[in-house]
There are 2 protein chains.
Amino acid sequence: MPELNGEEQQKTRWLDQLKAHGYRMTRPRQAVVEAILGDPTHWRPEQVFERARRTYPNLGLVTVYRTLELLQKLGLIRRVHMERGCRSYTLASQEHSHQLICRDCGRVEEFSECDLLETVERLAKRTGYSIEAHWLELLGRCPACLVAG
Amino acid sequence: MPELNGEEQQKTRWLDQLKAHGYRMTRPRQAVVEAILGDPTHWRPEQVFERARRTYPNLGLVTVYRTLELLQKLGLIRRVHMERGCRSYTLASQEHSHQLICRDCGRVEEFSECDLLETVERLAKRTGYSIEAHWLELLGRCPACLVAG
DNA sequence: ACTCTTACTGATAAATATTTTCAATAAAGG
DNA sequence: CCTTTATTGAAAATATTTATCAGTAAGAGT
Ligand SMILES: [Mn+2]
Ligand SMILES: [Mn+2]
Ligand SMILES: [Zn+2]
Ligand SMILES: [Zn+2]
């Protein structure tokens, strides 16, 4: 049997997710998904729009916004906040995970470790807060950008 | 000698900082500073504008944006990103610190502990990234909001 | 296939949010 | 005071995000 490449597999998985949640599989949504799948960086709605329009020229920008928000609600992508530009999204394969982002090229590495439990508990005790969530992003340079100078 | 309360002290310190960096001490800037000092929450430019205008009605919104950015560059305040609204600022007394934010009332607790060094080093080794900075926010409910329900 | 329902779409407008420009003003130093 | 020039606010220009709405097409049922 012919083996699907990772990207195709992932696409199928995403479309299944949509179906599983009662959403319809439409051309515009497919175009958005295709535009972002397999891209190890993060993208702003405008960029997604540009790329997705190449496969589906009639696409509207609003639909990009809506689709990105939808995919995020399904947990397939996650929003990241950058120094410049707070609405970027990136692939999110893990349930709980964080991002290590290259400031030069935007490349994102996902990771799930975060030794915050101790800190969180200590803080909760000290402040009386109930701590419900944490946001963590690491910023730096990827290997490729490091050698590039 | 009469003791200054914390807020007055802090105001003096801020104005000194401005002077020390060659910036002028102007009425509009003072108004902005007064509007945010002593407030343990976080504020959006528009809110600062509203409050500062009460002591200096002629204030322009642009100046609020500019002043907040300036204070941030001086390290006196820090930007925080919320689920809704990515441009909020909060007091920052420590050089390196993070925020624990109440989702209900916006109250912010500053803290400087973060046991991320291990994780960071491990990740750097694994990914080849040079990790230069991290961004961390804890979200939850403050004691007051917890009892309020 | 064909029909029906309605989720989904894109165009448009509206609402927000941010940045740029620029002539007038006032802070700070002499 | 006087001079210099950093700073200001109004206004315009951009940029970003959300709300409306009539038309369209996905998917379920036949
Ligand atoms: Mn975590
Ligand atoms: Mn943000
Ligand atoms: Zn890179
Ligand atoms: Zn609270």
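So that the names make sense, note that chain A is the first sequence line, chain B the second, and so on, each numbered from 1. Model, not experiment: these values are computed from the prediction. Every heavy atom of this structure was used, including side-chain atoms; hydrogens, water molecules and symmetry mates were not.
For B:R103, the side chain to side chain donor-acceptor pair (under 3.5 Å) partners two or more places apart in sequence, or in a different chain, are A:E132, B:E83. In terms of the side-chain contact (heavy atoms from CB on, under 4.5 Å) criterion, residue partners of A:F49 (sequence neighbours excluded) are, by chain and number, A:E46, A:R53, A:L59, A:L61, A:V64.
For the pair A:R87 and D:dT17, the criterion of a side-chain N or O lying under 4.0 Å from OP1 or OP2 is met.
One atom, CG of A:L61, and another, C1' of D:dT17, lie 9 Å apart when rounded to the nearest Å. Separating the CG atom of A:L18 from the P atom of C:dA7 is a distance of 16 Å, rounded to the nearest angstrom. In this structure, OH of B:Y65 is placed 18 Å from P of D:dT14, rounded to the nearest angstrom. The distance between atom CD of B:E69 and atom C1' of C:dT20, rounded to the nearest whole Å, is 13 Å. Between the OH atom of B:Y89 and the C1' atom of C:dT18 there is a distance of 11 Å, rounded to whole Å. Rounded to a whole Å, the CG atom of A:L68 is 12 Å from the P atom of C:dT9. If you measure from atom CZ of B:R84 to atom P of C:dA17, you get 11 Å, rounded to the nearest angstrom. In this structure, the CD atom of A:Q72 is 13 Å from the P atom of D:dT17, given to the nearest Å.
Using a 4.5 Å cut-off between side-chain heavy atoms of Ile, Leu, Val, Met, Phe, Trp and Tyr, with links allowed through other members, B:I131 and A:L136 fall into the same hydrophobic cluster.
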Base-contact (B) and sugar-phosphate-only (S) positions in nucleotides 19-30 of chain D, heavy-atom cut-off under 4.0 Å, - elsewhere: B------BS---

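A heavy-atom distance below 4.0 Å to DNA chain C is reached by these residues of residues 41-60 of chain A, ordered by number: A:Y56, A:N58, A:L59, A:G60. Using a 4.0 Å cut-off on heavy atoms, none of the residues of residues 73-81 of chain B approach DNA chain C.
How far SG of B:C102 is from CD of B:E109: 10.0 Å, rounded to the nearest 0.5 Å.
For the pair B:R44/B:Y89, no side-chain contact is recorded, criterion being any heavy-atom separation below 4.5 Å from C-beta on. No side-chain heavy atom of A:L138 sits under 4.5 Å from any side-chain heavy atom of A:I101. Side-chain contact between B:Q72 and B:L76: absent, with no pair of heavy atoms (C-beta onward) separated by less than 4.5 Å.
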Evaluate the salt bridge (charged side-chain N to carboxylate O under 4.0 Å, His left out) criterion for residues A:D115 and B:R122: first the C-alpha distance (whole Å), next the side-chain angles of each, then the deciding distance (0.1 Å), finally the verdict. CA-CA 12 Å; A:D115 309 338; B:R122 202 172 335 122; 3.7 Å; yes

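The side chain to side chain donor-acceptor pair (under 3.5 Å) pairs that include a residue from residues 14-29 of chain A number zero, where partners must be two or more places apart or lie in different chains.
In terms of position along DNA chain C, the nucleotide closest to A:V64 lies nearer the 5' end than the nucleotide closest to the other residue of the pair B:C86 and A:V64.
Ion pairing of A:R78 with A:E137 is absent here, as no side-chain N (NZ or NE/NH1/NH2) approaches a carboxylate O to less than 4.0 Å.
Under the 6.0 Å cut-off for aromatic ring centres, B:H42 and B:H81 do not qualify, their centroids lying 6.0 Å or more apart.
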